[in-house]
Amino acid sequence: MKLELNQIQDLNKQKAAEQAEHFGFLKLALDKKGIDAEAIVQKLADFQVAIPSWALGSGGTRFGRFSTGGQPVNLEQKIEDIGLLHALTQTAGAVSLHIPWDIPTDPAATKQLADSHGIVFDAVNSNTFQDQEGQVETYKYGSLADRQTAVREQAVAHNTEVIRYGKLLGSKSLTVWLADGASFPGQNNFRKSLQNTQRSLQEIYAELPADWRMFIEYKPYEPSFYSTVIQDWGTSLMLAEGCGEKAFCLVDLGHHLPNTNIEQIVATLMMKGKLGGFHFNDSKYGDDDLTVGSIKPYQLFLIFNELVYGMNHNEANNPPLAWMIDASHNIKDPLEDLIQSLEAIQLAYAQALLVDTPALEAAQADNDVVLGQELLQDAYRTDVRPLIREARLRRNGALNPITTYRSLQVRDHLIKERGLKTVATGL
Ligand code: AOS
Ligand code: ZN
Ligand code: ZN
Ligand code: ZN
């Protein structure tokens, strides 16, 4: 299924006058504060987030999986789904592929298909947390960290293979997330696991093309419940530095112990020029992978506040970040869920762009703690939705993507095309 421009525009027309009024009002209010609404709309319109190929089907929990009908069953259909998301939101112009869940059988054709939807290939993800068919060694006790050379070699070779696919698709980065760790004290030797991981990552790094980057993701626990080799940003940074200038840390919002100050981590990594990418999601307890902004929208705003500060100050030449969503669960229609996530990201970004940084810095210099909070919350409490809608409108997206998705009965069409009982590949 492909959405035609006029289908979206017909629905936009019904709300066009209302949008013009809301945008005009906000623009005037921002003008009085010396904020250029047009510049913000342009930034929002340019902002693109990669959709993970594993988020397009209903996610699994270890207790059960309930299918939404019309799920994509192959890579082509996944790209088609992202095409729908992009047509509606104009923010989903990239995909983050997972190998081997999404091996392209004809990479040139896959690339062409993505192209026709205006979608590029962001970071490719390797998988050494599951055994694959035909594989000789098992990852049961580890992959890049494993004590056996043959296991590590196999895991490194898999990553090399993922880079090869990525090159064919025009991707420029590799994300490595490891499940390596231990579930019981005494199971592993911490030092040896970490040394093996560093060496294996260096071997993968040696295979990276000159214009590629490697992202090292950290996570405190799960599936290992006693220790994880790359447990936190410090370990990730240490490993990235041990590889070289093309290696960076990847922050997944769900990969922190409760109450961790993620915005501070973001600031520190950007200051060091070592923040490579982001996995957006939200959580209440652990790596819940819930819809972005569904639980802690203020935290998301504070994170974006640091990101915007870093982007404006070009800290340590931190390269442009890879923005990716990593959310997946088993209740909502996955496409509606992703539309909500994209909206939440845009909202937080827009709010952060409103922060009066010079005033904030002056308040800090004066130790005016109250004013500092007022300035941040003034930005956070501004209803920036007219700005986001305006950015979508100007790119021919939907004023209201969820309503449009429902009015055009996209899911029903997909069920008719693909069937009711479909199971997407992936988690
Ligand atoms: C796992 O918890 C990590 O968040 C990974 O980034 C991701 O979910 C996984 O690699 C899916 O491929
Ligand atoms: Zn992740
Ligand atoms: Zn995760
Ligand atoms: Zn996650």
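This one's a predicted model, so the numbers in the text were calculated from it and none came from an experiment. Note that the numbering runs from 1 along the sequence shown for the chain. Just so you know, ligand 1 is whichever comes first in the structure, and atom 1 is the first atom listed for that ligand.
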Inset, instruction - Record the part of Asp287 in heavy-atom contact with ligand 1 below 4.0 Å; permitted values are side chain, backbone, both and neither. - result: side chain
Inset, instruction - Would you please determine whether Asn125 falls within less than 4.0 Å of ligand 1 on a heavy-atom basis? - result: no
Legend entry - For the Zn ion (ligand 2): the N/O/S atom of Asp326 at shortest distance: OD2
Legend entry - Ligand-residue contact atoms, ligand 1 with His279, heavy atoms, under 4.0 Å: 6 (O)
Inset, instruction - Find all atoms of ligand 1 within a distance of less than 4.0 Å from any non-hydrogen atom belonging to Asp252, and give their numbers and elements. - result: 4 (O)
Inset, instruction - Say whether Gln299 and Glu263, considering side chains only, have a donor N or O and an acceptor N or O under 3.5 Å apart. - result: no
Legend entry - Any N/O pair Trp177/ligand 1 closer than 3.5 Å: no
Legend entry - Residues, nucleotides or ligands: over 12 heavy atoms within 6.0 Å of Lys246 NZ: yes
Legend entry - Check: His255 N/O within less than 3.5 Å of ligand 1 N/O: yes
Inset, instruction - For ligand 1, find out whether one of its N or O atoms is nearer than 3.5 Å to an N or O atom of Trp101. - result: no
Inset, instruction - Using non-hydrogen atoms of the residue, decide whether Glu222 is closer than 4.0 angstrom to ligand 1. - result: no
Inset, instruction - Quick one: report the N, O or S atom of Asp287 that is nearest to the Zn ion (ligand 3). - result: OD2
Legend entry - Asp102 and Lys78 ion-paired at < 4.0 Å: yes
Inset, instruction - Go through the structure and list residues passing salt bridge (Lys or Arg N to Asp or Glu O under 4.0 Å) with Glu343, not counting sequence neighbours. - result: Arg392
Inset, instruction - Indicate yes or no: does Arg164 engage Glu207 in a salt bridge with an N to O separation below 4.0 Å. - result: no
Inset, instruction - May I ask you to check whether Asp252 brings an N, O or S atom to under 2.8 Å from the Zn ion (ligand 2)? - result: yes
Legend entry - Glu217 near the Zn ion (ligand 3) via N/O/S, less than 2.8 Å: no
Inset, instruction - Using a strict 4.0 Å threshold on nitrogen-to-oxygen distance, state whether Arg411 and Asp333 make a salt bridge. - result: yes
Inset, instruction - Output the list of atoms in ligand 1 that are nearer than 4.0 Å to some heavy atom of Lys219, sorted by atom number. - result: 1 (C), 2 (O)
Legend entry - NZ (Lys332) with more than 12 external heavy atoms under 6.0 Å: yes
Inset, instruction - Might you confirm whether atom CD of Glu245 has over 12 heavy atoms from other residues, nucleotides or ligands at distances under 6.0 Å? - result: no
Legend entry - Lys111 bridged to Asp106 by N-O distance under 4.0 Å: no
Legend entry - Whether His279 has an N, O or S atom under 2.8 Å from the Zn ion (ligand 2): yes
